[in-house]
Undergrad: 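Okay, here's the structure, questions in a sec.
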Amino acid sequence: MNDLTWVEIDKNALSENIKTLRSIVGNETVLCPCVKGNAYGHGLILSSKVFLENGADWLGVNSLYEARTLQKAGIKAPIYVLGYLGFDELEEAISMDLRIVIYNEETVLKLKELVKGRPFNVHIKVETGNNRQGVKISEILDFAKLCVNSGLNIEGISTHFANIEDSTDHSFAFKQFEVFNKTINLLERNGINIKYKHSANSAGTLLFDEVKMNMVRPGIACYGMWPSNETFISSREKNRLTTLKPALTWKSKIAQIKNVDENEFIGYGLTYKTTRSSKIAIIPIGYYDGYDRGLNSPYVLINGKRAFVRGRICMNIIMVDVSDIPEAKIEDEVVLIGKSGDEFISAELFAKWAGTINYEVTTRINERIKRILI
Ligand SMILES: *Cc1c(COP(=O)(O)O)cnc(C)c1O
């Protein structure tokens with residue numbers, strides 16, 4: 001490995017997570033793993049290929065850029081775009097045969113000008129309480145008719161839960177689901193029957209069979225992480241705990257070892273003063289790579305042992321205390337996230353240091369850093 005930092009992706013873990021999700025949803029449901037955010041930091045192309053090889057049907061992306069990257073890599077599976085496409089991106093989306101989420105009239109009218117008889121699949125997003133994307137039930141009939149009259153094929157209808165992973169109380173999610181079903185019924189009573197109906201993200205898929213409908217869009221679970229502790233607890237309470245395998249290990253190596261006397265400072269701002277004669281290792285990663293400057297008392301793993309970061313995190317460098325790891329030497333491997341010996345820095349632990357969630361932690365690992373399938 002000739003980079004200073006790299007990310008190893010456990011192919012077996014990704015494969016097993018997808019197979020697990022398949023066994024939960026059955027064969028009749030479209031399994032559409034979300035690979036937005038560089039596959040939650042796991043590498044867009046590499047993760048997508050593993051998912052498809054192990055039974056995923058579609059791929060969910062956020063942007064045209066991601067969809068284009070996948071098709072350029074030779075991926076032929078249906079691609080569903082979850083995010084907004086600008087007017088100037090729509091022609092390319094049609095020619096790439098993407099399916100897109102749709103929720104505003106302006107975009108429908110623009111597509112009407114562009115499709116010119118070509119088939120184009122859209123999925124209407126229903127507003128059920130998230131107040132992000134979505135068409136309200138009061139406007140749904142007019143909107144669906146506009147889509148049909150504009151020459152668009154309404155292939156799917158979807159909604160997104162606002163409060164399914166942030167709580168062990170799922171009443172709000174079920175209220176949303178009720179509105180979603182009412183909306184579907186209203187359309188069907190008016191002769192608009194839609195093939196794919198979908199609402200479930202990871203938490204929905206892991207917790208409730210009733211919300212899986214005939215398509216699911218799990219993201220974080222595909223990478224072996226739980227959407228939240230609440231989802232984990234609910235899952236255990238319902239006796240449907242699933243084994244998810246974290247797939248990502250983020251590594252670097254030691255660039256230098258130095259001895260520092262007692263009562264010396266380390267790093268910018270003199271924020272750390274040694275309390276003993278210390279051995280310090282210099283690691284060539286920093287906040288540029290996604291090793292957040294705001295981390296609260298983080299440590300890395302060297303040879304299965306913890307080495308705490310001392311002083312401020314720099315743009316490209318951190319300093320860690322290896323006084324208790326006497327064997328540590330230049331070029332030794334350093335684990336920033338993942339397992340080393342019996343120790344494990346989970347994305348969740350890293351998220352706690354960063355005051356955020358596991359999603360943000362893995363997604364923020366700089367895209368430039370190489371992802372390697374192991
Ligand atoms: C990202 C996303 C998902 C996946 O969410 P997870 O919590 O990662 O499973 C599903 N649906 C939509 C619309 C999304 O944007």
Undergrad: So, do Q176 and E127 sit near enough that their side-chain heavy atoms are less than 4.5 Å apart?
TA: no
Undergrad: Check I164 against L207 and note the closest heavy-atom contact, atom names and distance.
TA: O-CD1, 4.5 Å
Undergrad: By the rule that ILVMFWY residues connect when side-chain heavy atoms come within less than 4.5 angstrom, directly or transitively, which residues belong alongside F172?
TA: none
Undergrad: Less than 3.5 Å apart, any donor N or O on the side chain of S234 or T231 sitting next to an acceptor on the other?
TA: no
Undergrad: Assess whether a salt bridge exists between R368 and D289, defined as any Lys/Arg side-chain N lying under 4.0 Å from an Asp/Glu carboxylate O.
TA: yes
Undergrad: Output every pair passing side chain to side chain donor-acceptor pair (under 3.5 Å) with a member in residues 135-152, not counting sequence neighbours, ordered by first then second residue.
TA: none
Undergrad: Of all residues at least two apart in sequence or in a different chain, which pass the side-chain contact (heavy atoms from CB on, under 4.5 Å) check with N38?
TA: L44, E367, R371
Undergrad: Would you say the side chain of V216 lies within less than 4.5 Å of the side chain of C32, judging by non-hydrogen atoms?
TA: no
Undergrad: With a 3.5 Å distance limit and no angle check, can you tell me whether N366 reaches the backbone of Y288 through a side-chain donor-acceptor pair?
TA: yes
Undergrad: Check which hydrophobic residues are tied to M319 through side-chain heavy-atom contacts below 4.5 Å, counting indirect links as well, and list them.
TA: V260, I266, Y272, I280, I282, I317
Undergrad: Centres of the F143 and Y103 rings: under 6.0 Å?
TA: no
Undergrad: Got a second to check how far K110's NZ is from E105's CD, nearest 0.5 Å?
TA: 15.5 Å
Undergrad: Tell me whether Q71 contacts the main-chain N or O of M96 through its side chain, where contact means a donor paired with an acceptor under 3.5 Å.
TA: yes
Undergrad: Is there a side-chain contact between N17 and N54 in this structure, where contact means two heavy atoms from C-beta onward sitting under 4.5 Å apart?
TA: no
Undergrad: Are D209 and K212 within salt-bridge range, i.e. N to O under 4.0 Å?
TA: no
Undergrad: State whether the side chain of D169 and the backbone N or O of S171 hold a donor-acceptor pair below 3.5 Å, judged by distance alone.
TA: yes
Undergrad: What pairs with R276 under side-chain contact (heavy atoms from CB on, under 4.5 Å), at least two apart in sequence or on another chain?
TA: S278, D321, S323, D324
Undergrad: Compare every heavy atom of L82 with every heavy atom of C34, then report the nearest pair and how far apart it is.
TA: SG-CD1, 3.9 Å
Undergrad: May I ask you to say whether R22 pairs ionically with D57, meaning some side-chain N is under 4.0 Å from a carboxylate O?
TA: yes
Undergrad: Check whether any side-chain heavy atom of N214 sits under 4.5 Å from a side-chain heavy atom of V30, and report yes or no.
TA: no
Undergrad: List in chain and number order the residues that pass side-chain hydrogen bond (donor to acceptor under 3.5 Å, both in side chains) with K125, two or more places apart in sequence or in another chain; answer none if no residue qualifies.
TA: Q133
Undergrad: Looking at F174, F161, F177, which one forms a ring pair (Phe, Tyr, Trp, His ring centres under 6.0 Å) with F208?
TA: F174
Undergrad: Any side-chain heavy-atom pair from Y80 and L59 closer than 4.5 angstrom?
TA: no
Undergrad: Once you round to the nearest 0.5 Å, how far does CD1 of I285 lie from CD1 of I318?
TA: 4.0 Å
Undergrad: Say whether, by atom type as modelled, one donor and one acceptor occur between the side chain of D342 and the main chain of G304 under 3.5 angstrom.
TA: no
Undergrad: Looking at every heavy atom in both I192 and A144, which two are closest together, and how far apart are they?
TA: CD1-CB, 3.8 Å
Undergrad: For K253, is there an ion pair with D3 - N to carboxylate O distance below 4.0 angstrom?
TA: no
Undergrad: Remaining members of F265's ILVMFWY cluster at a side-chain heavy-atom cut-off under 4.5 Å?
TA: L270
Undergrad: Is any NZ, NE, NH1 or NH2 atom of the basic residue among E91 and R118 found under 4.0 Å from an Asp or Glu carboxylate oxygen of the other?
TA: yes
Undergrad: By side-chain contact (heavy atoms from CB on, under 4.5 Å), which residues pair with S63, not counting sequence neighbours?
TA: Y65, E66
Undergrad: Please confirm whether the backbone N or O of S277 pairs with a side-chain atom of T274, one donor and one acceptor, at under 3.5 Å?
TA: no
Undergrad: State yes or no: do L114 and F120 share one hydrophobic cluster built from I, L, V, M, F, W and Y residues joined by side-chain heavy-atom distances below 4.5 Å, directly or via other members?
TA: yes
Undergrad: Verify, without hydrogens or angle tests, whether S23 (side chain) and T20 (backbone) share a donor-acceptor contact under 3.5 angstrom.
TA: yes
Undergrad: Could you give the distance from OH (Y291) to CD1 (I283), rounded to the nearest 0.5 Å?
TA: 9.0 Å
Undergrad: For T5 and K251, indicate whether the former's side chain and the latter's backbone hold a donor-acceptor pair under 3.5 Å.
TA: yes
Undergrad: Hey, what do you get for OG1 (T128) to NZ (K182), rounding to the nearest 0.5 Å?
TA: 12.0 Å
Undergrad: Kindly say whether R132 contributes a backbone atom to a donor-acceptor pair with the side chain of N130 at under 3.5 angstrom?
TA: no
Undergrad: Does Y268 sit in a hydrophobic cluster with other residues, and if so which ones, taking ILVMFWY side chains as linked at heavy-atom separations under 4.5 Å, directly or through other members?
TA: none
Undergrad: Between K273 and E264, does any side-chain N to carboxylate O distance fall below 4.0 Å?
TA: no
Undergrad: Which pairs count as side chain to side chain donor-acceptor pair (under 3.5 Å) when at least one residue sits in residues 192-203, sequence neighbours excluded?
TA: H123-H198, E165-N201, H198-R217
Undergrad: I45 pairs by side-chain contact (heavy atoms from CB on, under 4.5 Å) with which of T69, V35, V50?
TA: T69
Undergrad: Counting only N and O atoms by type, is there a donor-acceptor contact under 3.5 Å from the side chain of N181 to the main-chain atoms of E178?
TA: no
Undergrad: Could you list all the salt bridge (Lys or Arg N to Asp or Glu O under 4.0 Å) pairs where at least one residue sits in residues 150-161, not counting sequence neighbours?
TA: R99-E155
Undergrad: Does the side chain of F51 come within less than 4.5 Å of L14's, by heavy atoms?
TA: yes
Undergrad: Taking C-beta and beyond as the side chain, do L31 and P218 meet within less than 4.5 Å on heavy atoms?
TA: yes
Undergrad: Could you state the interatomic distance from CD1 (I124) to OG1 (T159), rounded to the nearest 0.5 Å?
TA: 12.0 Å
Undergrad: Do V108 and L111 make a side-chain contact, defined as non-hydrogen atoms from C-beta onward lying under 4.5 Å apart?
TA: no
Undergrad: Nearest 0.5 angstrom please: I9 CD1 to W250 CH2, how far?
TA: 12.0 Å
Undergrad: Using atom types as modelled and distance alone, determine if a side-chain donor or acceptor of T362 lies under 3.5 Å from a backbone N or O of Y40.
TA: yes
Undergrad: Quick one: side-chain hydrogen bond (donor to acceptor under 3.5 Å, both in side chains) partners of T107, sequence neighbours excluded?
TA: N104
